[in-house]
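Written out below as structure tokens is the structure these notes cover.
Convention: sequence-line order gives letters A, B, ...; per-chain numbering from 1. Note that the coordinates shown come from a computational prediction; the quantities given were computed from them, not determined experimentally.
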2 protein chains.
Amino acid sequence: MVSLKDISKACGVSVATVSKALNDHSDISQETKKHVREVADKLGYRPNAAAQALKTNRTNNIGVLFVDEANSGLTHDYFNHVLDSFKRTAEENGYDITFINSGNKRLNNMSYLSHAIYRGFDGIVIACVDFSDPQVDELIKSEIPVVTIDHLFYNRTAIMSDNVNGINELATYVYEQGHRKIAYIHGKESGMESSVTKSRLSSFYKTLQDLGVDIPDEYVPAVPYRDTDAAYEATIKLLDLKEPPTCIFYPDDFAAFGGINAIRKRGLRIPEDVSVVGYDGIELARKISPILTTMVQDTEQIGSVAASKLIDLINNPKGTIVEQVVVKGNIERGESVARIS
Amino acid sequence: MVSLKDISKACGVSVATVSKALNDHSDISQETKKHVREVADKLGYRPNAAAQALKTNRTNNIGVLFVDEANSGLTHDYFNHVLDSFKRTAEENGYDITFINSGNKRLNNMSYLSHAIYRGFDGIVIACVDFSDPQVDELIKSEIPVVTIDHLFYNRTAIMSDNVNGINELATYVYEQGHRKIAYIHGKESGMESSVTKSRLSSFYKTLQDLGVDIPDEYVPAVPYRDTDAAYEATIKLLDLKEPPTCIFYPDDFAAFGGINAIRKRGLRIPEDVSVVGYDGIELARKISPILTTMVQDTEQIGSVAASKLIDLINNPKGTIVEQVVVKGNIERGESVARIS
DNA sequence: AAAATCTACTAAATCGTTTTCGTAGTTTCA
DNA sequence: TGAAACTACGAAAACGATTTAGTAGATTTT
């Protein structure tokens with residue numbers, strides 16, 4: 001590898017001068033800068049990230065913690081869209097993205113925090129994890145700049161999808177279409193309730209209460225997120241009630257697919273007999289017939305705001321205010337909710 | 001940060017001894033090792049990746065290039081499953097995963113190769129890119145260990161999903177169900193044909209030829225991958241032929257959703273009137289009704305084999321043979337192909 | 001013309017590791 | 001008992017960059 005020393009020899013100037021020339025310091029003449037840069041190009045010089053990091057304590061590398069119970073969040077279509085957008089914004093700003101993990105055998109079973117310190121990440125973004133994990137807590141309490149997505153920690157910047165408004169818009173829309181018997185098969189995590197779930201659920205109750213609609217308890221069962229089979233079962237139960245709902249909300253579009261199957265299995269039509277509402281706005285939701293009524297979360301915005309805010313924090317660790325950014329989604333009215341009278 | 005020097009002071013031994021003790025060298029006594037490790041733990045020591053990399057020329061970091069036209073491959077459900085599996089295997093072996101990118105403004109608009117050298121990746125995995133990109137070519141020709149996924153380069157190890165066998169199994173199955181008028185709306189990339197497309201197409205022709213089935217040219221239109229709208233249009237055209245097919249293959253499950261919509265729009269039933277065959281085996285394919293007949297690509301295996309082979313190459317850059325690994329998929333017979341007589 | 005100020009550069013320390021080469025001190029062997 | 005062989009450790013160089021403090025020489029100021 002060609003290093004500063006090689007350039008310095010080829011140019012007949014000191015290593016210090018080469019470094020400064022390449023970094024455009026003010027105490028180097030224009031001619032020298034030009035010359036050094038030409039020679040650097042000619043020799044095919046590329047800086048060495050490790051050496052730079054060692055010296056400057058900056059890696060220009062951001063750690064990403066996207067882990068759900070089963071897999072990494074990579075296969076989760078909401079989170080991978082968020083990550084995709086995050087990555088784009090980060091890279092535009094000169095940062096690379098590396099996944100944080102734990103339990104590395106080579107490294108003494110490092111925790112998330114140890115791993116982050118080991119790699120020297122300038123900042124960290126956390127999403128889609130079990131937020132009650134003590135290792136996550138350790139990260140949150142560390143010195144490293146952190147933003148979280150869809151979860152609010154004390155004293156940490158958070159980017160949140162606007163679940164309160166999302167459910168509110170959906171519920172209001174459904175109400176306006178004439179529905180009064182509205183069920184909400186809502187999501188649940190394996191552990192305790194997440195803030196996402198809580199926000200949505202309370203918004204659901206609040207919205208309908210404000211509209212004067214009463215929701216019986218059996219209209220609000222819980223199933224795991226993205227579990228089509230559980231959603232199927234829960235739907236069957238709802239349809240079997242003496243007073244079945246005319247419209248069913250699902251925790252996510254994925255689960256809604258399970259519900260759709262259940263409804264059709266019962267020989268009922270969508271939306272004429274039962275209306276269906278999803279959440280997320282995954283690509284396929286718009287590709288099926290009827291087009292799914294759902295809340296399209298603004299993954300683009302969430303990801304890029306998260307990256308920008310994190311970079312702000314990195315560049316100004318003490319001065320930047322901790323904030324909570326709420327990103328609104330866009331309702332997709334679709335075709336799966338009927339107008340009834 | 002606590003460094004070897006701190007431990008060395010606390011233990012009353014030299015830095016060299018500390019390093020060797022932690023790395024379990026043989027010329028350090030058991031007692032010293034024990035003592036050093038205890039003190040290291042007590043002080044909360046974590047190695048510094050940058051310093052290690054600088055000294056050893058090993059980063060334990062693998063570069064990932066997953067880019068398609070629009071986005072990173074992150075939002076592509078086949079590739080993100082592959083990546084997820086790759087990541088898991090790599091991490092189990094002590095490697096981290098960082099995305100390769102190019103055009104970083106901070107770094108003089110680095111190419112992929114420059115970026116890889118800058119970060120000192122021990123190895124690189126390439127998938128889902130425009131393989132005709134000169135920058136990709138530069139990577140392939142570099143000194144860095146590389147494996148590619150679903151594309152074969154001369155002199156580089158490649159992991160390929162078995163598209164020949166995949167299409168063969170599907171076509172044979174459909175034939176056995178009695179179909180003779182079989183169309184294949186096949187995928188096409190924006191640039192030239194990829195090896196994936198070529199393999200599938202030639203396997204389709206070969207299989208049916210061997211079975212004595214004749215395929216008219218108008219049965220084999222091309223549409224972009226994952227484009228539901230284009231698949232919709234192509235399907236409509238097929239249905240409008242004087243002799244419409246009884247079964248239609250799609251480039252992927254996604255596109256198949258477009259086809260399903262078209263068929264239903266025409267008032268036809270699936271599979272009674274028209275049978276549908278996808279490719280990929282995305283999660284939702286099993287969640288719709290009728291369950292989609294498709295080829296489930298073994299993303300788990302592809303990802304983990306890619307990681308293992310890459311790590312072999314890293315550990316033995318010269319000795320390891322370049323190979324081409326073909327990974328078979330599993331047919332999902334589903335419910336979208338009818339038995340006809 | 002001496003003093004002060006600039007300009008453009010360099011030497012050297014440093015970041016945190018790893019590794020080579022020595023070397024005291026102990027044990028083994030002839 | 002002296003030579004050979006081990007054992008357990010340390011000093012120092014090196015990896016490739018950045019940065020501080022210093023300094024010749026030219027230029028400006030008084």
Taking only N/O atoms, report every protein-nucleotides 6-10 of chain C pair under 3.5 Å with atom names and distance.
{"residue": "C:dC9", "atom": "OP1", "partner": "A:Thr32", "partner atom": "OG1", "Å": "2.7"}
{"residue": "C:dC9", "atom": "OP2", "partner": "A:Ser29", "partner atom": "N", "Å": "2.9"}
{"residue": "C:dC9", "atom": "OP2", "partner": "A:Ser29", "partner atom": "OG", "Å": "3.0"}
{"residue": "C:dC9", "atom": "OP2", "partner": "A:Thr32", "partner atom": "OG1", "Å": "2.9"}
{"residue": "C:dC9", "atom": "N4", "partner": "A:Asp27", "partner atom": "OD2", "Å": "3.1"}
{"residue": "C:dT10", "atom": "OP1", "partner": "A:Ser14", "partner atom": "N", "Å": "3.2"}
{"residue": "C:dT10", "atom": "OP2", "partner": "A:Ser14", "partner atom": "N", "Å": "2.9"}
{"residue": "C:dT10", "atom": "OP2", "partner": "A:Ser14", "partner atom": "OG", "Å": "2.9"}
{"residue": "C:dT10", "atom": "OP2", "partner": "A:Thr17", "partner atom": "OG1", "Å": "2.1"}
{"residue": "C:dT10", "atom": "O4", "partner": "A:Lys20", "partner atom": "NZ", "Å": "2.8"}

Worksheet, complete the sentence: The reported gap from NE2 in B:His115 to OG1 in B:Thr98 (rounded to nearest 0.5 angstrom) is 8.0 Å
Fill in: From B:Ile302 atom CD1 to B:Leu83 atom CG, the distance as rounded to the nearest 0.5 Å
12.5 Å
Show each protein N/O and nucleotides 25-28 of chain D N/O combination with a separation under 3.5 Å, one pair to a line.
none

Worksheet item: Hey, are the side chains of A:Asn60 and B:Arg106 touching, using non-hydrogen atoms and a 4.5 Å cut-off?
Response: yes
Short heteroatom pairs, N/O only, protein and nucleotides 13-15 of chain D, under 3.5 Å:
{"residue": "D:dA14", "atom": "N3", "partner": "B:Lys55", "partner atom": "NZ", "Å": "2.8"}

Worksheet, complete the sentence: d(A:Leu139 CG, A:Phe153 CZ) to nearest 0.5 Å is 9.5 Å
Worksheet item: Does B:Tyr118 have a side-chain nitrogen or oxygen under 4.0 Å from the phosphate oxygens OP1 or OP2 of D:dA17?
Response: no
Practice prompt. List in chain and number order the residues that pass side-chain contact (heavy atoms from CB on, under 4.5 Å) with A:Glu92, two or more places apart in sequence or in another chain; answer none if no residue qualifies.
Written response: A:Arg88
Discussion item. So, taking the atom named OH in B:Tyr118 and the one named CG in B:Leu107, what distance separates them when rounded to the nearest 0.5 Å?
Written reply: 5.0 Å
Worksheet entry | B:Glu38 bridged to B:Lys34 by N-O distance under 4.0 Å | yes
Item to complete: Say whether A:Tyr78 and A:Asp150, considering side chains only, have a donor N or O and an acceptor N or O under 3.5 Å apart.
Response: yes
Item to complete: Using only side-chain N and O atoms of A:Gln52, determine if any of them is under 4.0 Å from OP1 or OP2 of D:dG16.
Response: no
Discussion item. Between the opening five pairs and the closing five pairs of the helix from C:dA1-D:dT30 to C:dA30-D:dT1, how far apart are the helix axes, to 10°?
Written reply: 50°
Worksheet item: What pairs with A:Ser14 under side-chain hydrogen bond (donor to acceptor under 3.5 Å, both in side chains), at least two apart in sequence or on another chain?
Response: A:Thr17
Worksheet item: For the pair made of CZ in A:Arg58 and C1' in D:dT18, what is the distance, rounded to whole Å?
Response: 14 Å
Discussion item. Testing A:Leu113, A:Ile126, A:Ile124 one by one against A:Ile140 for a side-chain contact (heavy atoms from CB on, under 4.5 Å), which residue passes?
Written reply: A:Ile126
